[in-house]
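Below you'll find the structure, written out as structure tokens, and then a few comments.
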Amino acid sequence: MYTKIIYVIIDCLAIASILITLNSTNKIREEYGTFLKKAMLFAIVSIISNIIVALSFYEKMAEIAYCIYFISIDWILYYLFIFILSYTEHHNAVKKLKFPAFIIMLLDSSSLLLNPVIKEHFYIYTNSSFAGTIFYQTGFKPLYYLHLAIDYTFLLIAICYIISRIIKNRGIYQIKYIILLSVILFIVILNIFYMTLGLVLDISVIFYAVAGALICFGIRTFVPHYLMTTSIGRVIDNMKEGLILFDINEKCIYANSFSINNFNINIPEYNFKCEPIATVINKNNNADTGVAIFTQNNADALTTDNRHFKIKYNRFNDNKNRPIGSYFLIEDITEDVFYLNEIKSARTSADNANNAKSAFLANMSHEIRTPLNSILGMNELIQRSANDPLIKEYSYNISTAGETLLSILNDVLDFSKIEAGKTNINSKDYDPYILLRNSYYFFIQSAEKKGLYIHVICDDELPSKLYGDSKLIGQILSNLISNAIKYTVNGGVTLNMTFDETDKDSIDLIIDITDTGIGINEKDIPYLFDSFSRFEQNDNYSVSGTGLGLAITKELTSLLNGNIIVKSSPGVGSRFTVIIPQKVSDHSPIGPLVNPDSSKSPEYKERFTAPSANILIVDDSKTNLIVTEGLLKSTMVTIDKALSGDEAIDKCMHIRYDLILLDHRMPLKDGIETFKIISQNGLNTNTPVVMLTANVVSGMDDEYKRIGFCDYITKPINPNELENTLLKHLPKDKVIINH
């Protein structure tokens, strides 16, 4: 009797164990978790049926309990079979075998269920060999061995699938399937061992609890942990970065392959005194964390290239924030350093090339502008003094050619400024009428020479004063009008200025330049603003220019946060619309614009006279001195001239001037050296000095003002600009304005 009680208690403990395992099985998200769970539920049924066998009072009760027990074995093995196929990722096998296996188990279970009637599987007999205790045991018939064959066949097939996975996989995944195979074989061996004992009660049901617990433990704990630790270990060991771990006593406890191979680390002897750790610690003054660059001299005699490593280190603590060691992360940055050096070298080369280009442009500007100043200046004097119409015509042709050459030179220099990002925006109040009139008068003669008209239209409601960079807007207008005249043979150019109000203090200034020229093919419009590009060159070979005008216009428009739109038809003409945001300084309408008339263009008339003013002009070119003196002749200013810096310094020691015009590039002492001496010694330390320069590369205007020049005038000298500069800087009491 005690044997039965102990057996029942053990079976109840097995059920409790399975229930605990079932709770763990619920956390398996994969589908095979469901199959394992069903196998364990039938294991509970089999254990309960065994308990009923042990507690049976008559043979029929025991026989029914045995039937339930053998049937539950069928379904334990069925779901275990499907679980193994699913867990070993034989999903096609699951689809193919799941239903046939279900039918076979269903037929076998049905025949077992009919055993009390047909008596073909087993029979019950009473064992009274134990004093006072009756045990109901089974005797087996041939059909029962078919039942066993079915069960063990499914188990054998499952084992074969496990073995196939073990063969096909390597490393950590092979271990995963070996663990499952070991559990299955362990249970089979225990069953065989139990059968050899011939016990009166079946204790093999206990093995189901053990098997379920082992399988679940393997799936949820051991295998994931093993896979994780093994994977992490191999990833760390195989990664292309280094990792070194130290304990609290600064002794190395781990170094991956990268670290060992690159620094010849012997883990038992490696500590904080070894390189590269010693260098990293010293560079960061023993701080708890830090980063350092370590350079390793290459010992290979065939190369002198060093290797560079970026090393990060940190102390780390346990979950109670107590220090337990430190770790070092090592990254090989040799390639990065190489490319960084290459970039620096390329940048240096680019800077040198840019400096060479700037020097070339400065020299080119000076060498071209200096004689051009003489040509245009002398030509201006001829125009002022000549009365013969034929001479005036010749002079006009010289002026046109000179202005074309100057325009080409300005295009190259302006493009250089834009490329270097040194084009500055100087916003101030301006009158839109003046912008339009200046554009008109600048181009009307060249237009009329080709038999073209220029019409100017302006919106009457346009604000009379705007705030922006009128110089850059004027340059945009100049480029577009010049371009329109170049490519127009018949008709002319219309310049229309209007606006859209964006808020109470801002407008979008809209400028349309429309021509009746040759037009542009639609396919060429996207490339219209490319640098140095010109379309239909065979047809337009006679048109002068660099191909930079529109590229500069586009860049200047973008610099002013504006936009430019092009519409064109071949043979009809083109329309360029420029939209530039501007602030409004005076909201009063500008009113009607009287279209300028070229026939009424005023003859030259000096803006002022200053007979009591005394100025010094310094230039190493006699021709330029004659030109500048001639341009100022009508102002009646007293002029002294000097051909060198030394001569100018000598004059300034003895004469006090009201204004000095000083050339930049001169032999021996240049304009800047001369200015520094004049501003420190003699009678002209406070005299305003204007730089006369052919050097108009980007940034020079700011540089001249930084040095101390009050202003600068670029060569070729514009007569109006020259007079305006004198009017601005001569003493007011010596200037008489002409009205």
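Note: hydrogens, waters and symmetry copies are ignored here, and every other heavy atom, side chains too, is used.
With values rounded to the nearest 0.5 angstrom, I713 atom CD1 is found 11.5 Å from L662 atom CG. Atom OG1 of T557 and atom CD1 of I476 lie 3.5 Å apart (nearest 0.5 Å). Separation of atoms OG (S439) and CD1 (I444) is listed at 12.0 Å; rounding is to 0.5 Å. Note that CG of L661 is 12.0 Å distant from CG of N624, once rounded to the nearest 0.5 Å. Atom OG1 of residue T498 and atom CD1 of residue I507 lie 8.5 Å apart, to the nearest 0.5 angstrom. The structure places CD1 of I481 at 7.0 Å from CD1 of I485, a figure rounded to the nearest 0.5 Å.
Looking at S446, its side chain does come within 3.5 Å of a backbone N or O of F443 through a donor-acceptor pair. Put simply, the side chain of N521 never gets that close to the backbone of D524: no donor and acceptor are under 3.5 Å apart. Between the side chain of S569 and the backbone N or O of V572 there is no donor-acceptor pair closer than 3.5 Å. Proximity of a side-chain donor or acceptor of N684 to a complementary backbone N or O of I655 within less than 3.5 Å is detected. Proximity of a side-chain donor or acceptor of T635 to a complementary backbone N or O of L632 within less than 3.5 Å is detected. Within the 3.5 Å criterion, the main-chain N or O of K504 finds a donor-acceptor partner in the side chain of H587. Using a distance-only test at 3.5 Å, with no hydrogens or angles considered, a donor-acceptor pair links the side chain of S568 to the main chain of G573. Between the side chain of S349 and the backbone N or O of S345, at least one donor-acceptor pair lies under 3.5 Å. When atom types are taken as modelled, the side chain of E673 and the backbone of D670 share a donor-acceptor pair closer than 3.5 angstrom. A donor-acceptor contact shorter than 3.5 Å is absent between the side chain of K583 and the backbone of D505.
Counting only N and O atoms by type, the side chains of H664 and Y704 include a donor and acceptor under 3.5 Å apart. Looking at D711 and T725, their side chains never bring a donor and an acceptor atom within 3.5 Å of each other. S464 and S588 form a side-chain donor-acceptor contact under 3.5 Å, judged by distance and modelled atom types alone. Looking at Y712 and E703, their side chains never bring a donor and an acceptor atom within 3.5 Å of each other. Judged by distance alone, the side chains of D515 and Y487 never bring a donor and an acceptor atom under 3.5 Å apart. Under 3.5 Å, the side chains of S506 and D503 contain a donor-acceptor pair of N or O atoms. Neither side chain, D508 nor T502, offers a donor N or O lying under 3.5 Å from an acceptor on the other. Checked by atom type, the side-chain pair T687/R656 shows a donor-acceptor distance below 3.5 Å.
Scanning all heavy atoms of the two residues, the minimum distance from K465 to D429 falls at CD-CB, 4.2 Å. When all heavy atoms of T638 and P611 are compared, the pair lying nearest together is OG1-O, 3.7 Å. Shown here for I660 and C652, the closest heavy-atom pair between the two residues is CD1-SG, 3.8 Å. Looking at every heavy atom in both residues, S470 comes nearest to Y430 through CB-CG, 3.5 Å. Between M497 and P432, the shortest heavy-atom contact is SD-CB, 3.8 Å. What you find for V690 and C710 is that their closest heavy atoms are CG2-SG, 3.7 Å.
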**Study point:** Test salt bridge (charged side-chain N to carboxylate O under 4.0 Å, His left out) applied to R575 and D512, step by step
**Key:** CA-CA 7 Å; R575 179 181 179 183; D512 279 321; 2.8 Å; yes
- Message: Let's go through Y453 and T516 carefully: what are the C-alpha distance in whole Å and the side-chain angles of both, what is the deciding distance for side chain to side chain contact (heavy atoms under 4.5 Å, CB included) to 0.1 Å, and is it a yes or a no?
- Response: CA-CA 10 Å; Y453 63 79; T516 57; 4.1 Å; yes
Problem - Worked verdict on K669 versus D646 for salt bridge (charged side-chain N to carboxylate O under 4.0 Å, His left out) - result: CA-CA 7 Å; K669 289 184 177 65; D646 287 329; 2.9 Å; yes
> What do the steps show when you test K651 against L616 for side chain to side chain contact (heavy atoms under 4.5 Å, CB included), and what is the final call?
Replying inline: CA-CA 9 Å; K651 287 180 178 293; L616 173 66; 3.8 Å; yes
>> Is there a side chain to side chain contact (heavy atoms under 4.5 Å, CB included) between Y657 and N614? Walk through the geometry before answering.
In response: CA-CA 5 Å; Y657 294 103; N614 186 18; 3.6 Å; yes
Test T674 against M666 for side chain to side chain contact (heavy atoms under 4.5 Å, CB included), laying out the working first. CA-CA 10 Å; T674 302; M666 297 184 294; 4.1 Å; yes
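Salt bridge status for K428 with D469: absent, with no side-chain N to carboxylate O gap under 4.0 Å. For D619 and K715, the salt-bridge test passes: some basic side-chain N is under 4.0 Å from an acidic carboxylate O.
Of the options L659, V689, D658, a side-chain contact (heavy atoms from CB on, under 4.5 Å) to H729 is made by L659 and by none of the others. Remark: of the listed residues I510, D459, I579, D459 is the sole one forming a side-chain contact (heavy atoms from CB on, under 4.5 Å) with F499. Among L436, L462, D460, the single residue meeting the side-chain contact (heavy atoms from CB on, under 4.5 Å) criterion with I590 is L462. The side-chain contact (heavy atoms from CB on, under 4.5 Å) with F576 is formed by just one residue from the set I511, T514, L528; it is L528.
Within the 4.5 Å cutoff, no side-chain heavy atoms of Q582 are placed close to those of L560. Taking the side chain as every heavy atom from C-beta outward, Y467 and V584 never approach each other to under 4.5 Å.
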